[in-house]
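Working notes, beginning with the structure itself.
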Amino acid sequence: MEKIIIVGGGFAGLNVARQLFKNKNYEVTLVDKNNYNYFTPLLYQVATGFLDPSSISYPFRKLFRNKGIKFRLAEVIKVDPARQTLYLNDGELTYDHLVFAAGAKTNFFGNEGIREKAISLKGIDDALYMRNELIKTMEKAAIEKDPAERKKFMTIVITGGGPTGVEVAGMLAEMRKHILEKDYPELKRAEGEIYIVDGHPFLLAPMSDKTHEGTYKALTQLRVRIKLSTHVESFENDQIKFSDGEVIEAKTLIWAAGITAHTFEGIPVGSLGAGKRMITDVYNQVKGLRNIYAIGDISIQETDPVYPQGHPQVAQVAIQQGYRLAKNLLAMAKNKPLKPFKYFDRGDMAIVGRHHAVADLFKHKVHLNGFLGLMSWLFIHLISLVNYNNKIKTFYHWAVAYTTKDQALRMIFRAGNRGS
Ligand SMILES: Cc1cc2nc3c(=O)[nH]c(=O)nc-3n(C[C@H](O)[C@H](O)[C@H](O)COP(=O)(O)OP(=O)(O)OC[C@H]3O[C@@H](n4cnc5c(N)ncnc54)[C@H](O)[C@@H]3O)c2cc1C
C-alpha cells in the first residue's frame, strides 16, 4: 500500500486527512509538532481571557480514533526528495506522496529588536503567553506609584490592521471599558492608550469601503487610537517609534503585521515563490518535485487569473485545497482524471468589540455590519469549530461573557517546574 505523509494538521492538513478517513488505497500518517489541532480565528479570545484553550483545540489522536489515520508527534526538519525520505527531530519516515501543510509563521521583516520584545499570535502557546503578559503588566501597573511609568504599563500598541489586529484592539478596548476598573480599583482614572497601526490607508484593507468605514467608526467609539499609512520602526527602552516620526512610551507591542511561510531544508530555492511559499501547479504539486504537494498558507498558486499574486492566506483556501488534493489522491489510486483546484471565495469577516462585526460576503456583493454582522460572525465561527465538544464549550463561554460583560479566565498559568 502506498504511503502518504501529511506535514501539519491545521486547516489544510486536517482536511486532507478527513477525506482519507478509512480509505483502502493509502496508509496515511499526519505529522505535527503539536498533538492538537486548533482554530486560529479565535486565538485572540484565548489571548484576552475570553475562551480557554481547550474550547478551540482538540487532540489529533482522538480525532483520528478508529479512522485509519496514524499520528506522529514530531517537528519536520528536512526532506530528501531523491530518497523519498522525511527527516524529523526524532527520526525519519519514508513516503510515496508527501503533502506539505505546515502553514506560516510571524514575519518581523528582519527587525530583531522587535522580534525579541513584541508579542505575536500564531498558536495556542502564543495566546497563553499573551494572556499571561497582559495580566502581569496590569498587576505591575496596579502597584506603580509614578503616573508616567504607570501610563507606560497601560499603553498597548497593536501593529497590523488585519482581522487579528482589529479583533485584539476591539477586545482590549472592551475590557478597558467593562472589566479593568472592577478587577483593578487601583487603576481608576489611570492614563493609557490602545493604538492600532497599519501601513495601509485603511484597516481591514482588502475588504470593502463600507467595512473600512464601519471598522474605523466602531474602534474610534471604543477610544482606540488609529494610525494609518504608518509602520512601527523600532521598540527599545519602552519607546515605540513610528515611521511618521512620532515616539510613544509603552511596555507592550503586539505584532500582527505579517507572515512568512515555513521552509524546509531539501526544498530547492527554485520551488519557492513570494513569501517563501512553495510554488504549485493547479493540482497542488510543488514546482520541480515529483509526488510532493503543498497546500494552505505554505503554498502559492499563480495560475488562477482572479488571483495572479496567489490566493489569500486564509482558512477557506486551506480547507478547499485540502479537500481537492485528497480527492485527487484518491482519483490517482483509481487511475481516474484529476480535477484542478478552483477557489470559491465565501467572503471575509471580522469582529470589532462586543456588539459589532463586519462581513463582506460573496465577492463583496453582500455587506453586513453591526448586529447582523455579529450574529453571522458568531454563527459561522461556531459551526466551523472542529467538533461538538469545542462548539458547546465556546458557546457557553460566549454566553457568559455576553450576559455578564465579563469572563473569569484571567489566570496566569505558567509552565510547570519540578518541586514548585
Ligand atoms: C491569530 C490568527 C487569526 C486568524 N484569523 C483568521 C480568520 O478569521 N479567517 C481566516 O480565514 N483565516 C484566519 N487566519 C489565517 C488562517 O489561520 C490560515 O490561513 C490557516 O490556518 C492556514 O491553514 P494551514 O493548514 O495552511 O496552516 P495552519 O493552520 O497554520 O497549520 C499548520 C500546522 O502545521 C504544524 N507545523 C508547522 N511547522 C511544522 C513542522 N516543522 N513540523 C510539524 N508540524 C508543523 C503546526 O503545528 C500546525 O498544526 C488567522 C491566523 C491567525 C494566526
Side-chain angles (χ1 to χ4, degrees), residues 5-17 29-48 56-60 63 71-79 86-90 93 99-107 119-127 130 158 160 162-168 171 204 206-207 254-259 261-265 267 275 277-278 284 294-300 310-323 325 343 345-351 357-359 377 380-381 384 386:
I5 296 185
I6 306 166
V7 181
F11 286 101
L14 185 63
N15 274 285
V16 179
T29 305
L30 188 143
V31 185
D32 201 296
K33 61 184 176 184
N34 294 308
N35 76 334
Y36 53 83
N37 167 270
Y38 62 95
F39 188 71
T40 50
L42 293 176
L43 273 177
Y44 81 98
Q45 296 206 3
V46 174
T48 49
I56 64 159
S57 54
Y58 208 73
F60 287 116
L63 280 171
F71 175 70
R72 173 81 180 257
L73 176 67
E75 182 163 1
V76 173
I77 311 287
K78 179 180 157 181
V79 57
L86 192 64
Y87 295 90
L88 316 175
N89 60 330
D90 62 357
L93 294 169
V99 179
F100 277 106
K105 58 188 175 185
T106 305
N107 191 355
I119 301 176
S120 58
L121 189 60
K122 268 305 281 173
I124 297 276
D125 296 348
D126 299 328
M130 189 188 294
I158 299 146
T164 303
V166 165
E167 288 172 346
V168 169
M171 197 59 128
L204 302 176
M207 294 180 76
I254 295 174
W255 192 261
I259 55 170
H262 281 294
T263 51
F264 296 91
E265 216 186 309
I267 298 292
R277 292 158 80 181
M278 293 187 200
N284 296 102
I295 49 175
D297 280 5
I298 202 172
S299 71
I300 186 163
H311 300 104
Q313 285 162 296
V314 295
Q316 271 305 319
V317 173
I319 291 167
Q320 292 176 32
Q321 287 188 336
Y323 175 88
L325 177 60
Y343 176 47
D345 181 6
R346 292 195 164 89
D348 302 305
M349 45 178 44
I351 194 162
V358 284
W377 186 97
I380 287 174
H381 283 76
S384 305
V386 77

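Read the numbers this way: they start at 1 and go in the same order the structure lists the ligands and their atoms.
- Between W377 and H381, the ring-plane angle classifies as parallel under the 30° and 60° cut-offs.
- Under a 4.0 angstrom heavy-atom cut-off, A74 registers as being in contact with ligand 1.
- Nearest protein heavy-atom neighbour of atom 25 (O) of ligand 1: A12 N, 2.8 Å.
- Given atom 41 (N) of ligand 1, the protein heavy atom at minimum distance is V76 O, 3.1 Å.
- Of all the atoms in ligand 1, the ones that sit under 4.0 Å from a non-hydrogen atom of N34 are 47 (O).
- Checking only distances, T164 never comes within under 3.5 Å of ligand 1, N or O to N or O.
- Among the atoms of K122, none of the N or O lies under 3.5 angstrom from an N or O of ligand 1.
- At under 3.5 Å, not a single nitrogen or oxygen of H381, backbone or side chain, sits near a nitrogen or oxygen of ligand 1.
- The CE atom of M278 sits 4.0 Å away from the CD1 atom of I267 when rounded to the nearest 0.5 Å.
- For atom 37 (C) of ligand 1, the nearest non-hydrogen atom from the set G8, A102, G296 comes from A102.
- Polar contact with ligand 1: present for Q313 (N/O pair, distance under 3.5 Å).
- Closest approach of S299 to Q321, counting heavy atoms only: OG-OE1, 3.5 Å.
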task = For side chain to side chain contact (heavy atoms under 4.5 Å, CB included), just list the numbers for L121 and I254, CA-CA rounded to whole Å, side-chain angles, deciding distance to a tenth of an Å, and then say yes or no.
result = CA-CA 8 Å; L121 189 60; I254 295 174; 5.9 Å; no

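- Checked against ring-ring contact (aromatic ring centres under 6.0 Å, His included), Y87 has no partners two or more places apart in sequence or in another chain.
- At a 4.0 Å heavy-atom cut-off, ligand 1 does not touch Y44 at all.
- Geometrically, ligand 1 and A104 share no nitrogen or oxygen pair separated by less than 3.5 Å.
- Of the charged side-chain nitrogens involved, at least one lies within less than 4.0 Å of a carboxylate oxygen, so that D90 and R72 count as a salt-bridged pair.
- Taking the six-membered ring for Trp, Y36 and F60 have ring centres at least 6.0 Å apart.
- Heavy-atom proximity to F264, at under 4.0 Å, picks out these atoms of ligand 1: 41 (N).
- Backbone and side-chain nitrogen or oxygen atoms of F60 are examined, and none is located within less than 3.5 angstrom of a nitrogen or oxygen of ligand 1.
- Heavy atoms of P163 come nearer than 4.0 angstrom to ligand 1 in no pair at all.
- By the 3.5 Å distance cut-off applied to N or O atoms, K33 is counted among the residues near ligand 1.
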task = Go through M349 and I380 one step at a time and tell me if the side chain to side chain contact (heavy atoms under 4.5 Å, CB included) criterion holds.
result = CA-CA 10 Å; M349 45 178 44; I380 287 174; 3.8 Å; yes

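- Note that CG of D126 is 13.0 Å distant from NZ of K105, once rounded to the nearest 0.5 Å.
- Some N or O of A315 is nearer than 3.5 Å to an N or O of ligand 1, by distance alone.
- Under the ring-ring contact (aromatic ring centres under 6.0 Å, His included) criterion, Y44 pairs with no residue at all, not counting sequence neighbours.
- By heavy-atom distance, the residue among L14, N15, L43, D32 lying nearest atom 48 (C) of ligand 1 is D32.
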